[in-house]
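See structure below.
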Amino acid sequence: MVAPPVAPDSPHSPARRRKVSFPLLTRMALAVAGGVLVYLSFPPRPLWFLAPVGFAVLAHVIYGKRARAGFGYGLLFGLGFMVPLLQWTGEFVGLVASLPLSLACALMISLGTTAMALVSRVPGWPLWAACLWVADEALRGVFPFGGFTWGKIAFGQPEGWFLPLASLGGAPLVTFAVVLSGFGLFWLVRNWELGLPLVAVPVVAGLVVPVGVDPSAGTVTVAAIQGNVPRAGLDFNAQRRAVLDNHAKRTTQLAADVAAGRAEQPDVVIWPENSSDIDPFRNADAAAVIDAAAKAIKAPVAVGAVVLDRTDGLPRNQVVLWDPEKGPTDTYTKRKLQPFGETMPMRSFFRLFASEVDRAGVFQPGTDPEGFVMGPAKVAIDTCYEVAFDSVVRDSVTAGATIIAIPTNNATFGYTEMTYQQLSMSRVRAVEHGRAVVVAATSGVSAIVEPDGSVTRKTGLFEPDALVATLPLRSQTTLATRLGAWPEWVITAAGLVALALGFTRRRKDSNGAAA
């Protein structure tokens with residue numbers, strides 16, 4: 001039986017299909033490219049200005065489109081952004097972690113872009129769409145896996161003009177400014193009179209906002225110790241004693257430099273997370289090594305340690321305050337644990353795909369945000385992954401901290417971009433709370449960050465080092481610290497109101513068309 005001829009202008013004709021599919025494929029490619037541009041704006045590349053360009057591309061492909069198109073293009077944008085950004089997560093448990101995690105984050109982004117498409121008919125779309133992106137980031141702060149905020153746009157801006165805005169409204173305000181300027185770039189083509197202020201206002205605001213750096217509570221001389229690990233890779237934990245000895249040795253070497261006048265005497269010494277994976281409360285030899293190093297340097301040492309709890313026998317990721325005269329006097333237990341590392345969400349499910357998931361730990365979280373009093377400083381302790389969470393760092397600062405310490409262990413992630421991404425978060429936190437930040441990493445990158453977010457000293461990867469610097473202690477709280485989550489809530493609420501208006505307008509338009 002011969003099929004009937006198809007009219008050339010029929011939607012089912014080959015010519016018509018080619019005409020429709022080519023623009024679709026172009027938009028799909030642009031969506032992915034927009035996400036890749038945003039990824040490229042993140043450290044270690046100082047290309048922060050690519051983020052607004054990426055969002056201008058996103059606006060081009062979703063503005064005026066139906067909700068399902070907003071979802072599809074947003075998913076592609078999210079994959080272009082998240083797959084390369086999060087590839088480091090696969091260093092520990094394989095692709096079974098990085099690809100599903102990237103997909104989950106991309107799906108979350110697509111929810112936001114769906115909402116952005118729905119508000120296309122609301123006047124002032126770039127403003128409301130930027131609000132919805134912030135709302136989407138807020139949602140990602142609690143889901144999936146208890147929240148995964150690694151892709152916050154603000155964290156790619158430590159070199160950018162928008163960074164000072166963190167002192168006013170925290171990371172959410174920086175994100176809002178970046179996204180708004182990007183959507184404003186897109187709007188310049190449609191209506192330059194509206195688009196120009198959408199671009200100019202966030203940029204000018206970032207350039208004129210002052211950032212406090214004065215030592216209102218005095219100064220402190222700090223030392224960040226990077227002892228290094230014997231070799232990069234997943235088996236560094238099998239070398240626990242060597243890692244501990246490396247940090248003790250580098251501290252003792254610093255003590256010799258101090259005695260010889262080659263380095264300043266530190267008031268505070270920060271060791272990295274996992275610098276003693278041997279529990280010093282159960283192993284006298286480990287305790288002796290730490291004690292000898294503290295006595296040599298003649299200063300209190302914050303030691304990252306894995307400690308087995310005496311009540312349930314399960315591990316805690318702790319920082320132990322080790323006094324050179326009194327020994328261990330206080331502890332801080334990490335409150336926000338890293339999924340696919342310290343914990344394994346849905347372990348039995350993921351085990352169906354890869355046995356490597358059992359490398360992930362069974363650590364238990366702490367609850368107390370109090371840091372340590374060390375010499376003249378009240379030191380906030382935010383261990384590794386915790387720096388990515390607004391509320392965790394804020395609670396540490398509001399507990400009275402005058403300086404922030406970020407002990408971290410990135411050795412399992414080798415030479416990936418993870419450590420640079422994390423350092424950028426520390427720089428944002430410095431400005432957000434007006435505090436100097438000391439980053440101590442087992443294998444790098446360790447760094448000294450001033451309250452304005454500038455890095456004055458840093459180490460290389462996989463080399464022992466000790467960074468010594470005199471830093472300002474600050475007791476003032478920034479507006480961002482005082483407001484807490486309010487800027488994010490207000491911006492999110494504005495986006496949701498616009499979304500409700502978008503639904504209403506579309507329903508009216510549909511009813512009018514039907515009539």
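The figures that follow rest on heavy atoms only: side chains count, while hydrogens, waters and symmetry mates do not. Positions are given from 1, in the same order as the sequence printed here.
Scanning both residues, P280 and A287, for their nearest heavy atoms gives O-CB, 3.5 Å. Taking all atoms of both residues into account, the shortest heavy-atom contact from P266 to A223 is CB-CB, 3.9 Å. Nearest heavy-atom pair, G74 versus I109, reported as atom, atom and distance to 0.1 Å: O-CG2, 3.9 Å. In terms of heavy atoms, A224 sits closest to V439 at CB-O, 3.9 Å. Counting all heavy atoms, side chain and backbone alike, A405 lies closest to P407 at O-CD, 3.4 Å. Closest approach of A388 and F155 over heavy atoms only: O-CZ, 3.6 Å.
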Show the numbers, then the answer: is there a side-chain contact (heavy atoms from CB on, under 4.5 Å) between I404 and V397?
CA-CA 8 Å; I404 299 172; V397 174; 3.9 Å; yes

Run the numbers on R335 and D395 for side-chain contact (heavy atoms from CB on, under 4.5 Å), then give the verdict.
CA-CA 11 Å; R335 291 168 285 152; D395 288 347; 3.9 Å; yes

Do T383 and E273 pass the side chain to side chain donor-acceptor pair (under 3.5 Å) test, and can you show the C-alpha distance, the side-chain angles, and the key distance before you say yes or no?
CA-CA 7 Å; T383 305; E273 176 189 33; 5.9 Å; no

Start with the C-alpha gap between N410 and T419, add the side-chain angles, then the distance that decides, and say whether side chain to side chain donor-acceptor pair (under 3.5 Å) holds.
CA-CA 6 Å; N410 303 329; T419 188; 2.9 Å; yes

How far apart are the C-alpha atoms of T481 and H433, what are their side-chain angles, what is the distance that settles it, and do they pass the side chain to side chain donor-acceptor pair (under 3.5 Å) test?
CA-CA 6 Å; T481 306; H433 300 293; 2.8 Å; yes

Going through the checks in order, is the side chain to side chain donor-acceptor pair (under 3.5 Å) test met by T459 and Q226?
CA-CA 8 Å; T459 67; Q226 179 173 304; 2.6 Å; yes

Mind running side-chain contact (heavy atoms from CB on, under 4.5 Å) on F162 and F176 for me, showing each step along the way?
CA-CA 10 Å; F162 304 100; F176 176 75; over 6 Å; no

Any chance you could lay out the side-chain contact (heavy atoms from CB on, under 4.5 Å) test for I270 and I225, step after step, and finish with the verdict?
CA-CA 6 Å; I270 308 296; I225 303 297; over 6 Å; no

Apply salt bridge (charged side-chain N to carboxylate O under 4.0 Å, His left out) to R45 and E159, showing your working.
CA-CA 10 Å; R45 294 161 296 277; E159 302 284 352; over 6 Å; no

Salt bridge (charged side-chain N to carboxylate O under 4.0 Å, His left out) between D277 and R240, worked out:
CA-CA 6 Å; D277 272 356; R240 294 178 295 173; over 6 Å; no

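For the pair I448 and V222, the minimum side-chain heavy-atom distance is below 4.5 Å. A 4.5 Å side-chain heavy-atom check between L107 and S110 finds at least one atom pair inside the cut-off. Under the 4.5 Å side-chain criterion, counting only non-hydrogen atoms from C-beta, L86 is in contact with C105. Taking the side chain as every heavy atom from C-beta outward, F372 and K378 never approach each other to under 4.5 Å. At a threshold of 4.5 Å between non-hydrogen side-chain atoms, the residues L473 and T219 do not count as touching. Here the side chains of F148 and F143 are not in contact, with every heavy-atom distance at 4.5 Å or above. Looking only at side-chain heavy atoms (C-beta outward), D267 and P376 come within less than 4.5 Å of each other. Put simply, the side chain of V319 does not reach to within 4.5 Å of the side chain of T331, judged on heavy atoms.
From T456, atom OG1 reaches atom CG of L471 across 6.5 Å, with rounding to the nearest 0.5 Å. Here the OG1-CG distance, from T408 to N274, works out to 8.5 Å after rounding to the nearest 0.5 Å. Rounding to the nearest 0.5 Å places CH2 of W486 at 13.5 Å from CG of L479. The line from CD of E325 to NZ of K298 is 10.0 Å long, rounded to the nearest 0.5 Å. Atom SG in C384 sits 9.5 Å away from atom CD1 in I406 (nearest 0.5 Å). Of the inter-residue distances, the one linking D257 atom CG with R250 atom CZ reads 6.5 Å to the nearest 0.5 angstrom.
Checking Y420, F42, W150 one by one against W88, the ring pair (Phe, Tyr, Trp, His ring centres under 6.0 Å) holds for a single residue, W150. None of V134, V174, V38 except one satisfies the side chain to side chain contact (heavy atoms under 4.5 Å, CB included) rule with I153; the exception is V38.
For F55 and W133, the distance between ring centers is under 6.0 angstrom.
Side-chain polar atoms of S167 and T478 form no donor-acceptor pair below 3.5 angstrom. Defined by atom type and a distance below 3.5 Å, a donor-acceptor pair is missing between the side-chain atoms of N317 and Q364.
A cation-pi contact, defined as under 6.0 Å to the ring centre and within 45° of the axis, links K336 to F389.
Between D323 and K326 there is no salt bridge, since no side-chain N of the basic residue sits under 4.0 Å from a carboxylate O of the acidic one. With respect to D285 and R241, a salt bridge is recorded, a charged nitrogen being found less than 4.0 Å from a carboxylate O. D382 has no carboxylate O lying under 4.0 Å from a charged side-chain N of K334, or vice versa, which leaves the two without a salt bridge. Between E432 and R427, no side-chain nitrogen of the basic residue sits less than 4.0 Å from a carboxylate oxygen of the acidic one, so the salt-bridge criterion is not met.
Judged by distance alone, with hydrogens and angles left aside, the side-chain atoms of N409 form no donor-acceptor pair with the main-chain N or O of T442 at under 3.5 Å. With hydrogens and angles ignored, the 3.5 Å screen pairs no side-chain donor or acceptor of D136 with any backbone N or O of L132. The backbone N or O of A217 sits nowhere less than 3.5 Å from a side-chain atom of R474 that would complete a donor-acceptor pair. Although no hydrogens or angles enter the test, the distance criterion places no donor-acceptor pair under 3.5 Å between the side chain of Q87 and the main chain of S98. Of the possible donor and acceptor atoms, one in the side chain of T175 sits under 3.5 Å from a partner among the backbone N and O of A154. The main-chain N or O of L173 is never found under 3.5 Å from a side-chain atom of E488 such that the two would form a donor-acceptor pair. Here the side chain of S446 pairs a donor or acceptor atom with the backbone of A441 at under 3.5 angstrom. Counting only distance, with no hydrogens or angles, the side chain of T398 and the backbone of R394 share a donor-acceptor pair below 3.5 Å. R316 contributes a side-chain N or O that, together with a main-chain N or O of L314, makes up a donor-acceptor pair within less than 3.5 Å.
Annotation for K295: atom NZ counts as buried by contact number, over 12 foreign heavy atoms lying within 6.0 Å. The environment of R482 atom CZ is dense: over 12 non-hydrogen atoms of other residues, nucleotides or ligands sit within 6.0 angstrom.
In this structure, W271 and H247 have tilted ring planes: the angle between them lies in the 30° to 60° band. Note: F462 and Y415 have tilted aromatic rings, judged against thresholds of 30 and 60 degrees for the angle between ring planes.
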